[in-house]
Chemist: 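Got a structure for you, questions after.
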Number of protein chains: 2
Amino acid sequence: MKKRATSLKDVASAAGVSVTTVSRLLNGTIELPLETKSRIQAAIQELRYEPNPHARSLSRGRSDTIGLVVPDIANPFFATLVSAVEEEADRRGLALSLYATLNRPGREIAYLSALARNHVDGLVFVTNHPDDGELASRINQTGKVVVVDEDVPDAMVPKLFCDNEQGGYLAGEHLVQNGHRSVLYVGGPEEMISTRRRYSGLRRALRDASIPMDGLLRYEGEYTVEFGRNAARRFLSEGMPATAIFASSDEIAIGLIEVLREQGASIPREVSIIGFDDVGPLHLFAPSLTAIRQPVRAIGQRALALLVDTNWEQPEDLLSEELLPVEIVARNSVAPPSRK
Amino acid sequence: MKKRATSLKDVASAAGVSVTTVSRLLNGTIELPLETKSRIQAAIQELRYEPNPHARSLSRGRSDTIGLVVPDIANPFFATLVSAVEEEADRRGLALSLYATLNRPGREIAYLSALARNHVDGLVFVTNHPDDGELASRINQTGKVVVVDEDVPDAMVPKLFCDNEQGGYLAGEHLVQNGHRSVLYVGGPEEMISTRRRYSGLRRALRDASIPMDGLLRYEGEYTVEFGRNAARRFLSEGMPATAIFASSDEIAIGLIEVLREQGASIPREVSIIGFDDVGPLHLFAPSLTAIRQPVRAIGQRALALLVDTNWEQPEDLLSEELLPVEIVARNSVAPPSRK
DNA sequence: GCGGTTTAGTAAAGCGGTTTACCAAGTAGA
DNA sequence: TCTACTTGGTAAACCGCTTTACTAAACCGC
C-alpha cells in the first residue's frame with residue numbers, strides 16, 4: 001500500500017500534455033501559452049510533484065552536488081571550513097556530500113574512486129597526513145578535484161592554502177619583537193607541507209633578527225591535542241629549553257596549555273605561546289591566546305569557486321597554487337621572557 | 001574528446017557476457033563459475049569500472065544516503081553532532097548529505113520537500129527556532145525523519161533529546177549547594193522546548209531547596225554569543241541582580257563571559273556561571289567553565305540508529321521520545337557568593 | 001534415452017527524468 | 001494561393017543500472 005512518489009508522467013497525464021512538455025516547462029526550455037502553463041502548474045501543485053534527483057542526475061550526467069572530504073568534522077577548524085564550503089555551495093545552487101576520513105587512509109581513496117567520477121560533480125579534498133603517491137595518482141585520474149589546506153604532492157590539480165610561510169614569519173617576528181631569542185616549534189608531521197612552511201617562516205624571522213639557529217628547537221608530531229600534551233611534558237622534562245613556543249595548530253596549543261598549567265608553568269611569564277588557526281574562543285583562555293589566524297571561511301569559499309570556475313580542459317589552470325593571507329592576532333599569551 | 005565513464009555495458013562486452021550477468025555478479029545475486037567470474041573481474045579492473053550511483057539509486061529506489069539538516073555547522077555543538085552522525089552512517093555503509101539552514105527558515109522546508117521523498121533515504125533533522133506548524137506538517141508528510149536536539153511540536157516522528165530538565169536541575173542543584181539563592185537564567189527562545197525544560201529543571205531545583213521564586217530571574221533570547229553579550233550588558237546595567245547565571249548554551253556563556261570580563265566583573269567572585277553543552281575547550285577558560293554536558297556523540301549515533309531501525313509502518317513507533325542523560329562538569333566558574 | 005533439475009546465463013522491461021528530432025496547425029509575406 | 005516561418009507541442013531514444021522472467025545446455029537418476 002505504499003504510494004510511489006508522483007512522477008512526471010503523472011503530472012503530464014493529469015494536465016493532458018506529454019512528459020516532454022512538463023519537463024521542458026520545468027527546465028525553462030520552452031515557452032507555453034499561459035493557459036497550458038497554469039494547467040500544468042496546477043497539476044504539479046495538486047500532486048505535490050517533486051522531481052526525482054537521481055533520475056535527473058542520471059539523465060543530465062551531472063548531479064549539482066559537490067563532495068567535501070575532510071579529516072574530521074568535529075575539529076573546529078574543519079567545521080568552519082565545511083560551513084564555509086556549504087554556504088558557498090548553497091549560494092550556487094549546489095548540494096554537498098560530506099565525507100570524513102577520520103585518519104583512516106584507505107577511506108580517502110575509496111571516496112575518490114567511488115565518488116568523484118560519478119556521484120558528485122567535483123571534490124574539495126582536505127587531507128592531513130602524508131601521501132605515498134597513491135593518493136596523488138588517484139586524484140590525477142579522477143578529474144575535478146581541488147586540494148585545500150594541506151598539499152598532496154604530485155597531484156596536478158588546483159591547490160589552495162593559507163600562506164603558511166608568512167604565518168610562521170609573523171609568529172617569529174612577534175616573538176622576536178617581544179625579546180625572545182629561543183623558541184620551540186611544535187609542529188605536525190614533517191612530510192606535511194604546512195608544517196614545513198610554518199617552520200621555515202619562523203626560521204626566516206629568527207634569521208632576519210640575527211638569532212643563532214641553535215635558539216630554534218623543534219618537536220615534530222601530529223596536529224592533535226594529545227601531541228600538544230606530550231610536547232609539553234617533553235618540554236618540561238627537558239627543563240624548558242626555550243622561552244617561547246610556537247604551536248602549529250590550535251589543537252597543539254590547547255594540549256600544551258593544558259599540561260603547562262597543570263604542571264604550574266606560568267604562561268606567559270615562564271613561557272610564551274603562539275597558536276595557529278585561531279578558530280574557537282581562544283580569547284577567553286587564561287591567558288588569552290595569541291595566534292596566527294587562518295582565513296578559514298575565505299578558504300572554504302574560494303575552494304568552491306576554484307572547483308566551479310576552473311577550466312578543466314586547460315592544463316595550465318590545473319597547476320595553480322593559491323595562497324590566502326594570514327594575520328597575527330596578538331593577545332596575552334606572549335610577553336617578554338622573564339628568564340634567560 | 002571527453003571520455004565517458006565506463007559503464008556496465010562496456011564491462012559486459014569486454015568480458016563477453018551480458019550486462020545482467022555483470023550486474024548480478026556485482027550484487028552477489030548470482031553464482032558464477034570461477035572462469036567467468038575472473039574474466040569479468042579482469043574486465044572491471046582493466047576498464048577501471050565504477051558503478052554509477054545515480055543509475056543505481058534510480059533503479060533500486062533508494063540511495064543509501066541519509067540527509068542531515070542542522071542550523072549551523074560552524075557551531076561546535078552541531079559540528080560534533082555532524083561528526084557523530086557521519087561516523088555512524090559510515091559504519092552502516094551510508095553516505096551523508098549535509099544541509100545547513102543558517103537560520104533561514106524557508107530552507108528547512110525546501111530541504112524537506114526537495115530531498116526527503118527522493119534524494120535521501122531518511123533525514124536527521126535539527127532545528128533551532130520555533131515552528132508555526134508548517135514544518136511539522138511537512139515532516140509528517142515526508143516520511144522517514146527523526147527530530148533531534150530541539151523539538152518540532154506536532155511532528156509525529158521519533159524524537160531524541162538530551163534530558164534538558166535534568167540538566168537544568170543539576171545546574172540549579174550545584175548552585176544551591178554552593179550557597180546561591182538568586183540565579184539568573186539566560187536562555188533561548190521561549191517557544192523552544194529545550195529552553196523551557198532547562199528553565200523548569202532549574203526552578204525545580206530551587207524549589208526543592210525552598211528558595212523563594214523571586215530569586216529566579218530569566219532573560220530570554222537566542223542561543224548565540226551575541227545574545228550572551230547583550231544579556232551580560234543588561235545584567236550589569238540592572239546592577240547584577242543575581243549571584244549566579246545559568247547560561248542555556250556554551251555560546252551564550254561565551255558572550256556573557258566576554259562582556260563580564262571586559263567590564264571587570266569577576267567570575268566567580270562576583271558572579272558564578274554555568275554553561276550548557278560542554279563542547280569546546282571550556283576547561284581552559286579563565287576561569288574554567290562549569291557546564292552541563294550533553295552526550296553529543298551519543299545523540300548523533302543514536303539519531304542514526306533511530307532512523308535506520310525504526311519500523312516506519314508501526315504508528316506507535318513514530319511517537320517515541322527518547323532522552324539521553326546529561327551530567328554536570330564542575331570546574332571553577334562557580335563559587336559561593338561573596339555578596340548578598 | 002527420457003523427464004526433471006541444476007547450471008549458466010540472457011533479453012527486456014523498468015526506474016524517472018532529459019533531449020533530440022520532428023510535426024501539425026496557424027500565420028505572414030509575396 | 002503558395003511558401004516559409006512561428007507556435008505549440010509530441011514521440012522516442014537515451015542515461016546506466018536492477019530485476020523479473022525465461023531458456024539452452026548439461027547433468028542425473030532410472
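Note on naming: letters A, B, ... go to the chains in the order of the sequence lines (proteins, then strands), and numbering restarts at 1 for each one.
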Chemist: Kindly state each residue pair satisfying side-chain hydrogen bond (donor to acceptor under 3.5 Å, both in side chains) with at least one member in residues 70-81 of chain B, sequence neighbours excluded.
Modeler: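 Listed once each, the pairs would be none.
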Chemist: To the nearest Å, give me how far apart CG (Leu26(B)) and P (dT19(D)) are.
Modeler: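 Going from Leu26(B) (CG) to dT19(D) (P), I get 12 Å.
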Chemist: Using distance alone, with no hydrogens and no angle criterion, decide if Thr20(A) and Ser23(A) have a side-chain donor and acceptor under 3.5 Å apart.
Modeler: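 No, no side-chain donor-acceptor contact under 3.5 Å.
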Chemist: Between Ser63(A) (side chain only) and His119(A) (backbone N and O only), is there a donor and an acceptor less than 3.5 Å apart?
Modeler: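 Looks like yes, one N/O pair under 3.5 Å.
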Chemist: Which nucleotide, dT20(D), dG17(C), dC17(D), lies nearest any side-chain atom of Thr20(B)?
Modeler: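 Shortest atom-to-atom distance from the side chain points to dT20(D).
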Chemist: Taking CD1 from Ile40(A) and C1' from dG17(C), how many angstroms apart are they, rounded to a whole number?
Modeler: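 After rounding, the gap between these two atoms is 15 Å.
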Chemist: Any N/O pairs under 3.5 Å between the protein and nucleotides 5-9 of chain D? List them or say none.
Modeler:
from	atom 1	to	atom 2	distance (Å)
dG9(D)	OP2	Thr36(A)	OG1	2.6

Chemist: Take atom CG of Asn52(A) and atom P of dC17(D), then tell me their distance rounded to the nearest Å.
Modeler: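 It works out to 17 Å between those atoms.
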Chemist: Please tabulate, one pair per line, all N/O donor-acceptor pairs under 3.5 Å involving side-chain atoms of residues 147-159 of chain A, not counting sequence neighbours.
Modeler:
from	atom 1	to	atom 2	distance (Å)
Glu150(A)	OE1	Ser194(A)	OG	2.6
Glu150(A)	OE2	Ile193(A)	N	3.2
Glu150(A)	OE2	Ser194(A)	N	3.1
Glu150(A)	OE2	Ser194(A)	OG	3.3
Asp151(A)	OD1	Lys159(A)	NZ	2.9
Lys159(A)	NZ	Val152(A)	O	3.3
Lys159(A)	NZ	Ala155(A)	O	3.2

Chemist: With side chains defined as the heavy atoms from C-beta onward, is the minimum distance between Leu58(A) and Asn52(B) less than 4.5 Å?
Modeler: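 Leu58(A) reaches Asn52(B) side chain to side chain.
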Chemist: Whether the side chain of Asp90(B) engages the backbone of Glu87(B) through a donor-acceptor N/O pair (distance < 3.5 Å, no angle test) should be reported.
Modeler: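 Between the backbone of Glu87(B) and the side chain of Asp90(B) there is no qualifying donor-acceptor contact (under 3.5 Å).
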Chemist: How many Å lie between CG on Leu8(B) and P on dT10(C), as a whole number?
Modeler: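 Going from CG in Leu8(B) over to P in dT10(C) covers 13 Å.
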Chemist: Indicate yes or no for a side-chain donor-acceptor contact from Trp312(B) to the backbone of Leu307(B) under 3.5 Å, with no hydrogens or angles considered.
Modeler: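 Yes; judged by distance alone, with no hydrogens or angles, the pair exists.
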Chemist: For Asn27(B) and dT18(D), is the shortest distance between a side-chain N/O and OP1 or OP2 below 4.0 Å?
Modeler: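 Asn27(B) to dT18(D) OP1/OP2: side-chain N or O found under 4.0 Å.
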Chemist: Salt-bridge test for Arg138(A) and Asp131(A): reply yes if a basic N is under 4.0 Å from a carboxylate O, no otherwise.
Modeler: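 Between Asp131(A) and Arg138(A) there is no salt bridge, as every charged N stays at least 4.0 Å from the carboxylate O atoms.
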Chemist: Contacts to DNA chain C from residues 54-67 of chain B, heavy-atom cutoff under 4.0 Å, which residues?
Modeler: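 Output list: Leu58(B), Ser59(B).
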Chemist: Roughly, in whole Å, what's the span from NZ in Lys37(B) to P in dT7(C)?
Modeler: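 Rounding to the nearest Å, NZ of Lys37(B) and P of dT7(C) are 15 Å apart.
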Chemist: When we call it a touch if two heavy atoms are under 4.0 Å apart, what does Ser23(B) touch: a base, just sugar-phosphate, or nothing?
Modeler: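 Base, at least one base atom sits under 4.0 Å.
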Chemist: Whole Å only: how far is the NZ atom of Lys9(B) from the P atom of dA12(C)?
Modeler: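 Rounded to whole Å, this separation is 14 Å.
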Chemist: Are any side-chain N or O atoms of Asp121(A) and backbone N or O atoms of Asp64(A), one a donor and one an acceptor, separated by less than 3.5 Å?
Modeler: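 Checked: pair present.
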Chemist: side-chain hydrogen bond (donor to acceptor under 3.5 Å, both in side chains): which pairs involve residues 37-47 of chain A, sequence neighbours left out?
Modeler: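 Sorted pair list: Glu35(A)-Arg39(A).
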Chemist: Using Watson-Crick or G-U wobble pairs with both distances under 3.5 Å, give me DNA chain D in dot-bracket, 5' to 3', with [ ] for crossers and | for pairs to another strand.
Modeler: ||||||||||||||||||||||||||||||
Chemist: Taking His54(A) for the side chain and Ala55(B) for the main chain, is one N or O donor matched with an acceptor at less than 3.5 Å?
Modeler: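 Checking the backbone N and O of Ala55(B) against the side chain of His54(A), no donor-acceptor pair under 3.5 Å is found.
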